[in-house]
2 protein chains.
Amino acid sequence: MKKHIKHDPQACSKKMLPIQDALEILSGKWKLPILVALMFDVKRFSDLSKEIPRITDRMLSKELKDLEMNKLVKRTVYDTFPVTVEYTMTEYGRSLKKVIEALGEWGEKHREKIMSE
Amino acid sequence: MKKHIKHDPQACSKKMLPIQDALEILSGKWKLPILVALMFDVKRFSDLSKEIPRITDRMLSKELKDLEMNKLVKRTVYDTFPVTVEYTMTEYGRSLKKVIEALGEWGEKHREKIMSE
DNA sequence: CAGCATCCTCAGTGATACTG
DNA sequence: CAGTATCACTGAGGATGCTG
């Protein structure tokens with residue numbers, strides 16, 4: 001029933017934009033590792049650098065800026081010498097957890113599916 | 001309480017791989033538009049080409065191959081002249097719908113959040 | 001310590017023309 | 001119709017060295 005309904009591709013495109021926003025925010029090689037690293041603890045720049053294998057300072061800096069712009073991560077500067085900077089996942093950032101879990105669960109099943117040929 | 005629990009970054013990395021698999025499968029400029037186009041209807045190559053603005057044949061072909069490799073899409077060739085090829089979303093492909101919806105819902109809220117500054 | 005500036009490489013994508 | 005072949009371009013990301 002209702003097979004005659006026409007699915008407007010334009011309407012679909014409107015739905016697509018937020019999906020692509022979300023994908024873009026998680027896209028790139030380092031966003032997820034950084035978010036995971038900040039999921040449980042506040043970390044400093046050098047902590048993240050050590051904890052995330054092979055990331056360069058340049059990329060860490062750039063990705064943290066992106067995440068900060070999207071309000072997923074908060075940057076706090078302390079007036080010490082040399083300066084200390086702490087990165088925290090915001091409460092809003094934690095709202096991504098559900099999405100990430102959904103991705104993870106599907107990915108898990110996908111691994112099984114593909115491995116079993 | 002339980003603040004003293006140490007969160008093993010190695011354990012986290014293991015969790016991360018399937019998440020990144022899922023992200024990779026949806027990554028790129030055209031995967032989502034193609035999946036959306038096939039969500040409700042079987043389509044032929046030229047249908048998809050028309051329906052997805054600005055996609056080139058080259059990319060359409062490549063992305064369809066990727067999706068087929070991941071068993072999200074099925075390719076059926078009909079022995080007509082010239083040949084006819086149909087692309088269908090598999091049942092398995094539909095299992096992505098929940099994930100995509102999760103992304104979409106978060107993306108929706110994110111738009112509001114960012115727009116409201 | 002927490003980055004930035006510079007230069008470089010390459011995978012992803014686009015443009016165009018061609019084919020079974 | 002349903003692609004493939006070829007070339008060209010761009011931007012993500014890497015390497016290295018420098019700085020407040």
Side-chain angles (χ1 to χ4, degrees), chain A residues 16 19-38 41-70 72-89, chain B residues 13 16-17 19-38 41-70 72-89:
Chain A
M16 276 177 47
I19 305 173
Q20 283 175 320
D21 287 352
L23 279 173
E24 197 168 341
I25 282 168
L26 295 174
S27 82
K29 199 168 167 181
W30 302 111
K31 300 272 168 58
L32 194 65
I34 294 172
L35 288 174
V36 168
L38 292 176
D41 303 301
V42 175
K43 300 264 166 74
R44 294 167 52 182
F45 190 89
S46 49
D47 294 333
L48 290 167
S49 181
K50 278 174 227 152
E51 189 167 318
I52 301 171
R54 286 177 304 284
I55 194 169
T56 61
D57 288 353
R58 195 177 89 87
M59 286 313 292
L60 180 53
S61 171
K62 180 188 164 296
E63 300 293 65
L64 282 169
K65 260 181 202 159
D66 287 357
L67 295 172
E68 199 193 349
M69 269 187 24
N70 283 312
L72 304 177
V73 160
K74 186 156 132 281
R75 178 176 183 272
T76 315
V77 184
Y78 294 98
D79 191 11
T80 57
F81 183 80
V83 284
T84 308
V85 181
E86 272 183 4
Y87 290 93
T88 324
M89 170 157 298
Chain B
S13 331
M16 275 177 49
L17 288 159
I19 304 173
Q20 283 175 320
D21 288 351
L23 280 172
E24 196 168 341
I25 282 168
L26 294 176
S27 81
K29 199 167 164 181
W30 303 110
K31 299 274 169 55
L32 194 66
I34 294 172
L35 287 174
V36 167
L38 293 176
D41 302 302
V42 176
K43 299 265 168 73
R44 293 166 54 181
F45 189 90
S46 49
D47 295 333
L48 291 167
S49 181
K50 277 173 228 155
E51 191 166 315
I52 302 170
R54 285 177 307 282
I55 194 169
T56 61
D57 288 353
R58 195 177 90 86
M59 287 312 291
L60 180 53
S61 172
K62 181 190 162 297
E63 301 292 66
L64 281 169
K65 261 180 202 160
D66 286 357
L67 295 172
E68 200 193 348
M69 270 187 24
N70 283 312
L72 304 177
V73 160
K74 186 155 132 286
R75 179 177 181 270
T76 314
V77 183
Y78 293 99
D79 190 11
T80 56
F81 183 81
V83 285
T84 308
V85 180
E86 272 184 5
Y87 290 92
T88 324
M89 170 157 297

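Chain letters run A, B, ... following the sequence lines, proteins first and then strands; every chain starts at 1.
Inter-residue side-chain proximity for B:Pro33 and A:Gln20 is flagged as met; some heavy-atom pair is nearer than 4.5 Å. A:Leu38 places none of its side-chain heavy atoms less than 4.5 Å from the side chain of A:Leu72.
Following rounding to the nearest Å, A:Ile52 (CD1) and D:dG14 (C1') show an atom-to-atom distance of 16 Å. The CG atom of B:Leu60 sits 15 Å away from the P atom of C:dA15 (whole-angstrom rounding). For B:Met59 and C:dG12, the CE to C1' distance is 7 Å, given to the nearest whole Å. Remark: P of D:dG3 and CG of B:Asp47 are 12 Å apart, rounded to the nearest angstrom. If you measure from atom NZ of B:Lys62 to atom P of D:dT6, you get 18 Å, rounded to the nearest angstrom. Whole-Å rounding puts the B:Glu63 CD to C:dG12 C1' distance at 9 Å. Atom-to-atom, CG of B:Asp57 to P of D:dT6 comes out at 17 Å; the value is rounded to the nearest Å. Straight-line distance from the CZ atom of B:Arg54 to the C1' atom of C:dA15: 15 Å, rounded to whole Å.
Across all non-hydrogen atoms, the minimal contact from A:Ser49 to A:Asp57 is OG-OD1, 3.7 Å. Across all non-hydrogen atoms, the minimal contact from A:Ser27 to A:Lys31 is O-CG, 2.9 Å.
More than 12 heavy-atom neighbours from other residues, nucleotides or ligands sit within 6.0 angstrom of CD on B:Glu86.
Taking side-chain N and O atoms only, B:Lys65 has a distance below 4.0 Å to OP1 or OP2 of D:dT4. OP1 or OP2 of D:dG14 lies within a sub-4.0 Å distance of a side-chain N or O belonging to A:Lys29. For the pair B:Tyr87 and D:dG3, the criterion of a side-chain N or O lying under 4.0 Å from OP1 or OP2 is met. Side-chain nitrogen and oxygen atoms of A:Ser61 include at least one within less than 4.0 Å of the OP1 or OP2 phosphate oxygen of C:dC4. Between C:dA2 and A:Arg44, a contact under 4.0 Å exists linking OP1 or OP2 to a side-chain N or O. Using a 4.0 Å cut-off, no side-chain N or O of A:Arg58 falls inside it from OP1 or OP2 of D:dC18.
Across the interface with DNA chain D, nearest-nucleotide mapping of A:Trp30 and B:Lys50 shows B:Lys50 to be the residue nearer the 5′ end. Both B:Ile55 and A:Thr84 lie close to DNA chain C; mapped to their nearest nucleotides by heavy-atom distance, the more 5′-ward contact belongs to A:Thr84.
Considering only side-chain atoms of B:Val83, the nucleotide from C:dC1, D:dG14, D:dA2 that sits closest is D:dA2. Side-chain proximity of B:Ser46 to C:dG3, D:dC1, C:dG14: nearest is D:dC1. Set against D:dG13, D:dA2, C:dG3, the side chain of A:Arg75 has C:dG3 as its closest nucleotide.
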